[in-house]
Amino acid sequence: SLTSIGDYAFFKCKSLTQITIPSSLTSIGEYALSYCRSITHLQLPSSITSIGEGAFCHCLMLTKIIIPQSVTIIKDSTFYGCKLLKEIILPPSITSIGEYSFSECSLIKDILIPQKVEYIGYAAFKECDSIIRISIPSTVKSIESFTFNCCGSLQEISIPSSITSIGDYSFYGCASLKKISIPSSVTSIGDHAFSICCELTEVSIPPSVTSIEEGVFFNCSSLLKVSIPSSVTSIKDEAFRGCSSLTQITIPTSVTSIGN
């Protein structure tokens with residue numbers, strides 16, 4: 001007859017290795033099982049419709065989880081710091097992925113973002129060191145700050161034409177990213193968005209962008225060529241600092257200021 005597990009119900013039960021969740025359960029509260037560092041497997045029944053913020057964060061031994069079809073939102077920090085999590089299956093019902101939701105899940109290699117997802121939050125996949133490729137659905141409008149920050153193995157990212165902004169530090173430290181296609185729908189690229197993308201060789205700024213922000217390509221040491229459109233009027237501080245391989249860059253006459 002149990003229908004819910006309350007907030008912090010099993011918080012920091014560090015020796016708990018197994019929990020059986022009944023098919024009557026509909027909700028798991030905030031941080032309900034967080035820091036349960038010995039749990040290796042969880043089977044969530046299809047009756048669950050809500051999983052609270054941080055519900056499974058820092059479950060260090062958790063290796064796989066399947067989210068039921070009845071869940072529509074992955075809330076903030078849900079799987080934050082699940083360092084041994086290798087496989088996560090998201091149902092097509094998911095519409096939102098919250099802030100820090102998978103941050104520091106360093107063993108996830110592949111994750112399929114459902115096509116109904118409209119929002120991916122701040123630092124959602126930060127320091128997911130093993131992710132190789134990501135495809136962002138066309139329902140998403142912006143890439144928030146720090147979203148893929150320090151995803152050191154990320155080689156491919158598909159950005160749809162629905163994206164209008166790329167946030168600060170969003171791809172910072174993606175050292176394996178070799179190329180990126182920025183769609184013409186993008187009007188702003190945040191500070192240090194592509195800093196320390198050491199394998200990035202070429203990039204074309206879309207004509208909808210008017211400013212190259214601070215440190216955008218800082219220490220992109222393999223960058224050979226940058227195409228800057230005539231829409232750009234300013235290049236901020238350290239935008240190309242440390243681009244030691246850069247052989248070709250044309251600064252349009254529209255640019256009125258270049259920072260330090």
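Remember, it's a predicted structure, so these values are computed and weren't measured experimentally.
- Separating the SG atom in Cys243 from the CD1 atom in Ile249 is a distance of 8.0 Å, to the nearest 0.5 Å.
- Counting only heavy atoms from C-beta outward, the side chains of Val117 and Leu90 never approach each other to under 4.5 Å.
- Put simply, the side chain of Ser176 never gets that close to the backbone of Gln155: no donor and acceptor are under 3.5 Å apart.
- A salt bridge does not link Lys126 to Glu104: none of the charged nitrogens lies less than 4.0 Å from a carboxylate oxygen.
- Phe146 is not connected to Phe102 by any chain of hydrophobic side-chain contacts under 4.5 Å among Ile, Leu, Val, Met, Phe, Trp and Tyr, and they are in different clusters.
- By the 4.5 Å heavy-atom criterion applied to side chains, Ile113 and Phe125 are counted as neighbours.
- The shortest side-chain heavy-atom distance between Lys75 and Ser96 does not fall under the 4.5 Å cut-off.
- Nearest heavy-atom pair, Ser221 versus Ser245, reported as atom, atom and distance to 0.1 Å: O-OG, 2.6 Å.
- For the pairing with Phe194, the side chain to side chain contact (heavy atoms under 4.5 Å, CB included) check across Asn219, Ile182, Val203 returns one residue only, Ile182.
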### Derivation of the side-chain contact (heavy atoms from CB on, under 4.5 Å) call for Ile67 and Ile88
CA-CA 8 Å; Ile67 305 298; Ile88 176 84; 4.1 Å; yes
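- Taking each heavy atom of Ile74 and Ser101 in turn, the nearest pair found is CG2-CB, 3.9 Å.
- Distance alone, capped at 3.5 Å, is enough to place a donor-acceptor pair between the Thr139 side chain and the Gln115 backbone.
- Applying the salt bridge (charged side-chain N to carboxylate O under 4.0 Å, His left out) test to Arg133 and every residue at least two apart in sequence or in another chain returns nothing.
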### Ser142/Glu144 under side-chain hydrogen bond (donor to acceptor under 3.5 Å, both in side chains): CA gap, chis, key distance, verdict
CA-CA 6 Å; Ser142 64; Glu144 302 297 325; 2.6 Å; yes
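- Checking side-chain atoms of Ser24 against main-chain N and O of Leu2 turns up a donor-acceptor pair under 3.5 Å.
- The salt bridge (charged side-chain N to carboxylate O under 4.0 Å, His left out) check on Lys109 picks up nothing, with sequence neighbours excluded.
- Taking the salt bridge (charged side-chain N to carboxylate O under 4.0 Å, His left out) definition, one finds that Glu87 meets it with Lys64, sequence neighbours left out.
- Applying the ring pair (Phe, Tyr, Trp, His ring centres under 6.0 Å) rule to pairs touching residues 222-260 yields Phe217-Phe240, sequence neighbours excluded.
- Residues Leu84 and Ile39 are members of separate hydrophobic clusters, defined by side-chain heavy-atom contacts under 4.5 angstrom among Ile, Leu, Val, Met, Phe, Trp and Tyr.
- Listed here is the closest heavy atom pair of Leu16 and Cys36: CD2-SG, 4.4 Å.
- Between the side chain of Ser208 and the backbone N or O of Val186 there is at least one donor-acceptor pair closer than 3.5 Å.
- Taking the side chain as every heavy atom from C-beta outward, Ile132 and Asp110 never approach each other to under 4.5 Å.
- Counting heavy atoms of neighbouring residues, nucleotides and ligands inside a 6.0 Å radius, atom CZ of Arg241 does not exceed 12 of them.
- Between Glu213 and Lys236, at least one side-chain nitrogen of the basic residue sits less than 4.0 Å from a carboxylate oxygen of the acidic one, meeting the salt-bridge criterion.
- Tracing side-chain contacts under 4.5 Å through hydrophobic residues (I, L, V, M, F, W, Y), one never reaches Phe79 starting from Leu60; they form parts of separate clusters.
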### Derivation and outcome, side-chain contact (heavy atoms from CB on, under 4.5 Å), residues Ser106 and Lys83
CA-CA 5 Å; Ser106 52; Lys83 292 186 180 295; 4.2 Å; yes
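- For the atom pair OG1 (Thr78) and CG (Leu33), the distance works out to 12.0 Å, reported to the nearest 0.5 Å.
- In this structure, Cys198 SG and Leu223 CG are separated by 11.0 Å, a value rounded to the nearest 0.5 Å.
- When side chains are defined from C-beta on, Tyr122 counts as touching Ser145, because their heavy atoms get closer than 4.5 Å.
- Minimum heavy-atom separation, Ile143 to Ser170: CG2-CB, 3.9 Å.
- We find the CD1-OG distance between Ile159 and Ser181 to be 7.5 Å, quoted to the nearest 0.5 Å.
- At a threshold of 4.5 Å between non-hydrogen side-chain atoms, the residues His58 and Ser34 do not count as touching.
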### Verdict with reasoning, Leu44 to Ile51, per side-chain contact (heavy atoms from CB on, under 4.5 Å)
CA-CA 10 Å; Leu44 302 179; Ile51 299 172; 4.0 Å; yes
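- Ring geometry for Tyr8 versus Tyr31: interplanar angle under 30°, hence parallel rather than tilted (30 to 60°).
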### Message
As a quick check of understanding, evaluate side-chain contact (heavy atoms from CB on, under 4.5 Å) for Phe56 and Leu85, giving each step before the final call.
### Response
CA-CA 11 Å; Phe56 308 111; Leu85 187 64; over 6 Å; no
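- Listed for the Thr247 side chain is a donor-acceptor partner under 3.5 Å among the backbone atoms of Leu224.
- Annotation: the span from Glu214 atom CD to Asn260 atom CG amounts to 9.5 Å, rounded to 0.5 Å.
- No path of Ile, Leu, Val, Met, Phe, Trp and Tyr side chains, each step under 4.5 Å between heavy atoms, connects Ile97 with Tyr169, placing them in separate hydrophobic clusters.
- Between Cys57 and Ser77 the shortest heavy-atom distance is CB-O, 3.3 Å.
- Ile228 and Leu246 fall within a single hydrophobic cluster, where Ile, Leu, Val, Met, Phe, Trp and Tyr are joined by side-chain heavy atoms under 4.5 Å apart, directly or via other members.
- Annotation: the span from Ile180 atom CD1 to Leu154 atom CG amounts to 8.0 Å, rounded to 0.5 Å.
- In this view, Lys141 satisfies the salt bridge (charged side-chain N to carboxylate O under 4.0 Å, His left out) rule with no residue, not counting sequence neighbours.
- Ring pair Phe171/Phe148 is parallel by interplanar angle, where below 30° counts as parallel and above 60° as perpendicular.
- The side chain to side chain donor-acceptor pair (under 3.5 Å) test applied to Ser234 returns Ser211, not counting sequence neighbours.
- Between Ile21 and Pro45, the shortest heavy-atom distance links the atoms CG2-CD, 3.6 Å.
- Formation of a donor-acceptor pair under 3.5 Å by the Ser158 side chain with backbone atoms of Ser135 is not found in this model.
- Between the side chain of Ser38 and the backbone N or O of Lys14, at least one donor-acceptor pair lies under 3.5 Å.
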